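Residues: numbered from 1 along the sequence shown. Note that the structure is a prediction, hence the values are computed from the model and not measured.
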Amino acid sequence: EDMMIQLSSYGNIITTSSSIVYVDQISSGQEIETDPFIINVNENAIGGSIIPLSFTFSNSNGFQQEQTYEVQLGQVSVTDPLGPDGYGYYIYDMGDIGYDLAPFYDWVEIDPGHGGNGTDLNLSDNGNGNYSTSIKHIDLPFVFRFYGVDYDEITVCSNGWIALGYSTMESFRNYPIPGPGGPSPMIAAFWDDLKTTSGGDVFGYEDPGGEYIIIEWSDMRTQNNNHLESFQVILYNIAVPPYGDGEIKMQYNEFNNTSSGNFGGYPPVHGGYATIGIEDHLAAWGLQYTFNNEYPTAAAPLGDETALFIT
């Protein structure tokens, strides 16, 4: 009896102009229709986002209960960013032109063989698990927060991924993310069985002003089909509200997603095509932009001279 139901706002995405309704009485098993809640959705809200709406039920006799219901804001399309995951990350692609955070392709060459001034990480990988050195541990010039955890070093692998922190894994077989395969946490720029043969190499570069660090996989080859791949990851020294996490850009100069994964027998022994996305340190939260050459609705297919922005 005499119950008040109050709807809470959700940051600046959803505000309420009529946030309280009253119920005189409701019996067990009864269904009633209340007066409406009036909500306002910020014009910058991202289509398809899942938003938790929190309601508090209470009365003057001391009854109090909270319930959360999830609602989807409109319909997601290819011109919307991918996300959010359970932590709040989004991945923007170049087709998300209605959003200020949509990236531009702006390749920063650091391979000295192509006129850059990066440092050779001296990785040597012949593919199919045959390598002499496939990972390199790098001290970061700044603290980078990823899924709420601070890191001062990264592990770079010849097979197209970065592990935040120190890892001894050398995973060449790619899996879906988030999940138990491969290192956690992970930035999978182009996780596939890659080779440094035929002139491929991996380079690092630290901005002298301390604003960013770049890792570039230059002229790499896929174990399957021997196709060319050149791509890079940029980690920015910036603390983004509300949690102070860093931002990431991934750029693709040469993109050939051709490794079916089914070479050498069945079941597939090399994953399915490339894995691109992010996952947290528990392999519980993450965003998979593509795996097995399949893309979710919000993800525009990648190609040469494309970019992704993660925030």
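- Here the closest non-hydrogen pair linking Met220 and Thr196 is CE-CG2, 3.8 Å.
- For Ala102 against Asp93, the heavy-atom pair with the smallest separation is CB-O, 3.8 Å.
- Between the side chains of Thr222 and His227, no donor-acceptor pair is found at a separation under 3.5 Å.
- The 12-atom threshold is not exceeded at CD of Gln75, counting heavy atoms of other residues, nucleotides or ligands nearer than 6.0 Å.
- At most 12 non-hydrogen atoms from other residues, nucleotides or ligands lie less than 6.0 angstrom from CD1 of Ile97.
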Intermediate values then yes/no, side-chain hydrogen bond (donor to acceptor under 3.5 Å, both in side chains), Ser54 and Tyr10: CA-CA 8 Å; Ser54 179; Tyr10 184 78; over 6 Å; no
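- Heavy atoms only, all atoms of each residue included: Thr155 and Ser167 are closest at OG1-N, 3.0 Å.
- A tilted orientation is assigned to the rings of Phe190 and Phe231, their planes being inclined by 30° to 60°.
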message: Could you go through Val78 and Asp96, starting from their C-alpha distance and side-chain angles, then the distance that decides it, and tell me whether this counts as side-chain contact (heavy atoms from CB on, under 4.5 Å)?
response: CA-CA 7 Å; Val78 71; Asp96 300 334; over 6 Å; no
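- In summary, the side chains of His270 and Asn174 do not present any donor paired with an acceptor at a separation below 3.5 Å, with no hydrogens or angles considered.
- In this structure, a donor-acceptor pair under 3.5 Å is absent between the side chains of Tyr131 and Asn159.
- Here the straight-line distance linking atom CD1 of Ile248 with atom CD1 of Ile162 works out to 8.0 Å at 0.5 Å rounding.
- Within the structure, ring-ring contact (aromatic ring centres under 6.0 Å, His included) pairs that include any residue of residues 23-81 comprise Phe37-Phe55, Phe55-Tyr69 (at least two apart or interchain).
- Taking a cutoff of 4.0 Å between a charged side-chain nitrogen and a carboxylate oxygen, Asp125 and Lys195 do not qualify as a salt bridge.
- Ile39 is linked by a side-chain contact (heavy atoms from CB on, under 4.5 Å) to Leu7, Ile14, Thr16, counting only residues two or more places apart in sequence or in another chain.
- A side-chain donor-acceptor contact under 3.5 Å links Trp161 to the backbone of Ser171.
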- request: Determine, step by step, whether Asp245 and Arg145 satisfy the salt bridge (charged side-chain N to carboxylate O under 4.0 Å, His left out) criterion, reporting the C-alpha distance in whole Å, the side-chain angles of both residues, the deciding distance to 0.1 Å, and the verdict.
  value: CA-CA 5 Å; Asp245 293 84; Arg145 181 169 293 184; 5.5 Å; no
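- Taking CD1 of Ile278 as the start and CG of Leu287 as the end, the distance is 5.0 Å to the nearest 0.5 Å.
- Between Cys157 and Leu123, the closest heavy-atom pair is C-CD1, 4.2 Å.
- Between Tyr89 and Phe146, the ring planes are tilted. Angles from 30° to 60° get that label.
- Taking the six-membered ring where the residue is Trp, Trp285 and Tyr87 present tilted rings, their angle falling between 30° and 60°.
- Residue-environment remark: CD (Glu153) exceeds the threshold of 12 foreign heavy atoms within 6.0 Å.
- Between the side chains of Ser124 and Ser132, at least one donor-acceptor pair of N or O atoms lies under 3.5 Å.
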task: Please test Asn117 against Tyr205 for side-chain contact (heavy atoms from CB on, under 4.5 Å), starting from the C-alpha separation and ending with a verdict.
output: CA-CA 7 Å; Asn117 56 351; Tyr205 174 79; 3.4 Å; yes
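- In summary, the side chains of Thr56 and Gln6 do not present any donor paired with an acceptor at a separation below 3.5 Å, with no hydrogens or angles considered.
- With rounding to the nearest 0.5 angstrom, the CG atom of Asn226 is 5.0 Å from the OG atom of Ser198.
- Trp107 and Ile310 are not part of a single hydrophobic cluster, where members link through side-chain heavy atoms under 4.5 Å apart.
- Taking all atoms of both residues into account, the shortest heavy-atom contact from Glu229 to Asn257 is OE2-N, 4.4 Å.
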message: side-chain hydrogen bond (donor to acceptor under 3.5 Å, both in side chains) for Asn126 and Thr197? Distances and angles first, verdict last.
response: CA-CA 6 Å; Asn126 293 321; Thr197 53; 5.2 Å; no
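- Atom CD1 of residue Ile51 and atom CD1 of residue Ile46 lie 9.0 Å apart, to the nearest 0.5 angstrom.
- Minimum heavy-atom separation, Ala189 to Ile276: O-CG1, 3.2 Å.
- Not less than 6.0 angstrom separates the ring centroid of His281 from the ring centroid of Tyr147.
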query: Given the rule in the side-chain contact (heavy atoms from CB on, under 4.5 Å) test, do Asp106 and Lys249 qualify, once you have shown the distances and angles that lead to the verdict?
result: CA-CA 10 Å; Asp106 184 20; Lys249 188 175 186 181; 4.1 Å; yes
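- Around the OH atom of Tyr99, the shell of radius 6.0 Å holds more than 12 heavy atoms that belong to other residues, nucleotides or ligands.
- Put simply, CG on Asp2 and CG on Asn59 are 7.0 Å apart, with the number rounded to the nearest 0.5 Å.
- Remark: the Ser230 side chain and the Asn253 side chain contain no N/O donor-acceptor pair separated by less than 3.5 Å.
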